[in-house]
A.B. asks: 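Submitted below is the structure of interest, expressed as structure tokens.
Proteins get letters first, then strands, A, B, ... in listed order; numbering begins at 1 in each.
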2 protein chains.
Amino acid sequence: MKIAEVSEKYGLSLDTLRYYERIGLIPTVTRTPNGIREYGEMDIKRVEFIKCMRGAGLPIEVLIDYVALVQVGDSTVEARKEILKEQRELLAAKITDLQKTLELLDYMISVYENKILTKEQGII
Amino acid sequence: MKIAEVSEKYGLSLDTLRYYERIGLIPTVTRTPNGIREYGEMDIKRVEFIKCMRGAGLPIEVLIDYVALVQVGDSTVEARKEILKEQRELLAAKITDLQKTLELLDYMISVYENKILTKEQGII
DNA sequence: ATAACACCTGGAGTTAGCTCAAAGTCAAGG
DNA sequence: CCTTGACTTTGAGCTAACTCCAGGTGTTAT
């Protein structure tokens, strides 16, 4: 798969994909003899993973560390698990937070709706 | 309430509070005769609101618009409600997204746990 | 064979959202 | 009286994460 297809498929710009590669997030992309990137199955999976994690706000730094450990091999399984667990907890906390904000928004919207209704009915 | 107390109470830096004021997020802070900020009850409420919304990732731009409408008065109730509704939908979608990512993290962690267990048991 | 197109590189530029620094004012304590 | 400390302003600086640009190479279509 060439870079344009990957870009299209995952909604990441060409620049972003190349950027991710040069900072070490997708360091394994092979090249054709004339230097063109050819994303293999594993690269695609990694793009998917990175996109998902970035979408959840995991910092690039953390992902770089994680990917570097993957490159090292099986000896880093424990360390990798710890990174994921830590990020999992952060994410869970964040979701709880967002849900509270969502409730507040719903409440405020309902207040506005009552306000409008009251006005329409000429009450007050 | 002086700025240091507000900062302490809500975990926003002095600089951030002054920044929020100068960009129009908390435009109503009164001053003592010698120019010191004195946050009133409404200002405190607004700080709380802004902090909450920023925590959920609502862009400052949107909040500026919202706050500006509040300043205008009752005629903008409908427009304000629309802003909140739009942001509510975005937030709800985001939460759904994060939950999927959370599940993926949980799955990956469980895979790592099995891997480690298998290794400990000497199977494979 | 020449133009258009997709790709490449290295490095600079951009955006959001703060964060800091310098220089100044004012009130209280030793 | 002088220093300390909390406040003030303006404007510059910073970080994360892209995003763009200039100049170059290689393949494809007319």
A.B. asks: Verify whether one side chain among B/Arg80 and B/Tyr66 offers a donor that lies under 3.5 Å from an acceptor in the other.
C.D. replies: no
A.B. asks: If you take any heavy atom closer than 4.0 Å to DNA chain C, which residues from residues 6-16 of chain A end up in contact?
C.D. replies: none
A.B. asks: Assess whether atom CD of A/Glu8 is packed by more than 12 heavy atoms of other residues, nucleotides or ligands within 6.0 Å.
C.D. replies: no
A.B. asks: Taking atom types as modelled and ignoring hydrogens, do the side chains of A/Asp15 and A/Ser13 form a donor-acceptor contact shorter than 3.5 angstrom?
C.D. replies: no
A.B. asks: Looking at residues 19-46 of chain A, who's got a heavy atom less than 4.0 Å off DNA chain C?
C.D. replies: A/Arg22, A/Arg31, A/Gly35, A/Ile36, A/Arg37
A.B. asks: Would you indicate whether the side-chain heavy atoms of A/Tyr10 and A/Ile44 approach each other to under 4.5 Å?
C.D. replies: yes
A.B. asks: Should A/Pro27 and A/Arg46 count as side-chain neighbours, where that means a heavy-atom distance under 4.5 Å?
C.D. replies: yes
A.B. asks: Return the value, rounded to whole Å, for the distance between atom CG of A/Leu17 and atom C1' of D/dC18.
C.D. replies: 12 Å
A.B. asks: Contact between B/Glu21 and B/Leu25 at the side-chain level, heavy atoms closer than 4.5 Å - yes or no?
C.D. replies: no
A.B. asks: In the structure I gave you, are the side-chain heavy atoms of A/Leu104 and B/Met53 within less than 4.5 Å of one another anywhere?
C.D. replies: yes
A.B. asks: Hey, what bend do you get for the helix from C/dA1-D/dT30 to C/dG30-D/dC1 if you fit axes on five pairs at each end, rounded to 10°?
C.D. replies: 20°
A.B. asks: With rounding to the nearest 0.5 Å, note down the distance linking CD1 in B/Ile95 to CG in A/Asp97.
C.D. replies: 10.0 Å
A.B. asks: Nearest whole Å is fine: how far is D/dT25 C1' from A/Ile3 CD1?
C.D. replies: 16 Å
A.B. asks: Do NZ/NE/NH1/NH2 and the carboxylate oxygens of B/Lys81 and A/Glu113 come within less than 4.0 Å?
C.D. replies: yes
A.B. asks: I need the NZ-P distance between B/Lys51 and C/dG17, as an integer number of Å.
C.D. replies: 17 Å
A.B. asks: Kindly indicate whether the side chain of A/Glu89, heavy atoms from C-beta on, has any atom under 4.5 Å from the side chain of A/Lys85.
C.D. replies: no
A.B. asks: Figure out the CD1/C1' separation between A/Ile50 and D/dC18, and round it to whole Å.
C.D. replies: 15 Å
A.B. asks: Among D/dC18, C/dG17, C/dC7, which nucleotide has an atom closest to any side-chain atom of B/Ile60?
C.D. replies: C/dG17
A.B. asks: What is the separation between atom CD on B/Glu5 and atom C1' on D/dC7, rounded to the nearest whole Å?
C.D. replies: 13 Å
A.B. asks: Test your reading of the model: is there a side-chain donor-acceptor pair from A/Thr101 to the backbone of B/Ala56, 3.5 Å cut-off?
C.D. replies: no
A.B. asks: Distance check needed: C/dT19 P versus B/Arg18 CZ, whole Å only.
C.D. replies: 13 Å
A.B. asks: C/dA16 P sits how many Å from B/Asp65 CG, rounded?
C.D. replies: 13 Å
